[in-house]
Amino acid sequence: MVDEFNDLTVMHDYAWTLILRGTVDHKSPARHPTFGTIGLQGMPELRTVVLRQADQKSASLEVHTDLKSAKVKELKSNPNVGIHIWFPKLKLQIRIKAISEIETGETVKEKWNKVPKGSRISYGTEPIPGTPISAPFIYEKPANFDRFCVIFLKIDEMDLVHLGVRHTRALFAKKDNWSGTWLAP
Ligand SMILES: Cc1cc2nc3c(=O)[nH]c(=O)nc-3n(C[C@H](O)[C@H](O)[C@H](O)COP(=O)(O)O)c2cc1C
């Protein structure tokens with residue numbers, strides 16, 4: 001019997017369906033992936049982000065952030081990114097390795113225009129995110145287009161683990177044209 005988790009092509013397509021759902025369904029676990037970078041001292045850095053766009057054909061994802069956030073400094077030093085999503089009801093883990101590209105300014109103006117006004121305050125916190133402050137609310141959040149930053153992720157590898165009655169694990173790589181390989185789970 002072929003189901004989502006015992007056929008490589010079906011499993012890969014299914015994972016993409018779930019990822020895509022995250023861009024539109026606020027309740028989907030794929031809405032809030034964990035985004036991993038390599039810190040400037042070589043230690044891993046993890047944080048939650050919102051998945052803004054996803055496209056299977058180009059194997060790409062899109063995340064928005066503040067240009068002055070620590071993650072942007074880290075990506076300029078090392079563009080490698082890890083993405084992690086766990087779907088508890090489906091018992092499926094998705095792990096992604098990707099290379100990031102950062103875009104700001106006029107090339108992302110159209111995307112900025114689509115950011116709801118109330119959400120634009122996520123881009124422009126003063127003092128800049130991560131700065132020590134003397135009390136919890138000693139900061140301002142003006143909307144600042146100059147601080148709006150789009151992170152494009154080009155996926156290299158996707159590792160899927162399904163904890164069914166019998167566990168399955170598969171690796172899909174760009175270099176293999178996403179044909180996929182079963183792995184011991
Ligand atoms: C549910 C949730 C969604 C978030 N979405 C984003 C996001 O889309 N972009 C972003 O830069 N930070 C987002 N954050 C905040 C980050 O997790 C993180 O705290 C912030 O970006 C600073 O990270 P950095 O100092 O490592 O750059 C989100 C946090 C939560 C809890």
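One is the number of the first residue; the rest follow in order along the sequence. When a ligand or atom number is given, it counts from 1 through the structure's own listing order.
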Assign the ring pair Phe148 / His64 to parallel, tilted or perpendicular, where the plane angle (0 to 90°) is split at 30° and 60°. perpendicular
Check the angle between the aromatic planes of Phe137 and Tyr139 and answer parallel, tilted or perpendicular using the 30° and 60° thresholds. tilted
Scan the side chains in residues 109-119 for donor-acceptor partners under 3.5 Å anywhere in the protein, sequence neighbours excluded, and list what turns up.
unit_1: Lys111; atom_1: NZ; unit_2: Glu62; atom_2: OE1; d: 2.9
unit_1: Lys111; atom_1: NZ; unit_2: Glu62; atom_2: OE2; d: 3.3
unit_1: Asn113; atom_1: ND2; unit_2: Lys109; atom_2: O; d: 3.4

Would you mind checking if [Y] and [X] are paired as a salt bridge, meaning a charged N to carboxylate O distance below 4.0 Å?
X: Asp156; Y: Lys97; result: no
X: Glu126; Y: Arg147; result: yes
X: Arg169; Y: Asp159; result: yes

What are the atom names and distances for all N or O pairs under 3.5 Å between ligand 1 and the protein?
unit_1: ligand 1; atom_1: 5 (N); unit_2: Val50; atom_2: N; d: 3.4
unit_1: ligand 1; atom_1: 8 (O); unit_2: Val50; atom_2: N; d: 3.0
unit_1: ligand 1; atom_1: 9 (N); unit_2: His64; atom_2: O; d: 2.8
unit_1: ligand 1; atom_1: 11 (O); unit_2: Thr65; atom_2: OG1; d: 2.5
unit_1: ligand 1; atom_1: 11 (O); unit_2: Lys71; atom_2: NZ; d: 3.1
unit_1: ligand 1; atom_1: 14 (N); unit_2: Thr48; atom_2: O; d: 3.2
unit_1: ligand 1; atom_1: 17 (O); unit_2: Thr48; atom_2: N; d: 3.4
unit_1: ligand 1; atom_1: 17 (O); unit_2: Thr48; atom_2: O; d: 2.7
unit_1: ligand 1; atom_1: 21 (O); unit_2: Lys71; atom_2: NZ; d: 2.6
unit_1: ligand 1; atom_1: 23 (O); unit_2: Lys71; atom_2: NZ; d: 3.4
unit_1: ligand 1; atom_1: 26 (O); unit_2: Arg47; atom_2: NE; d: 2.9
unit_1: ligand 1; atom_1: 26 (O); unit_2: Arg47; atom_2: NH2; d: 2.8
unit_1: ligand 1; atom_1: 27 (O); unit_2: Ala70; atom_2: N; d: 3.3
unit_1: ligand 1; atom_1: 27 (O); unit_2: Lys71; atom_2: N; d: 2.9
unit_1: ligand 1; atom_1: 27 (O); unit_2: Lys71; atom_2: NZ; d: 2.9

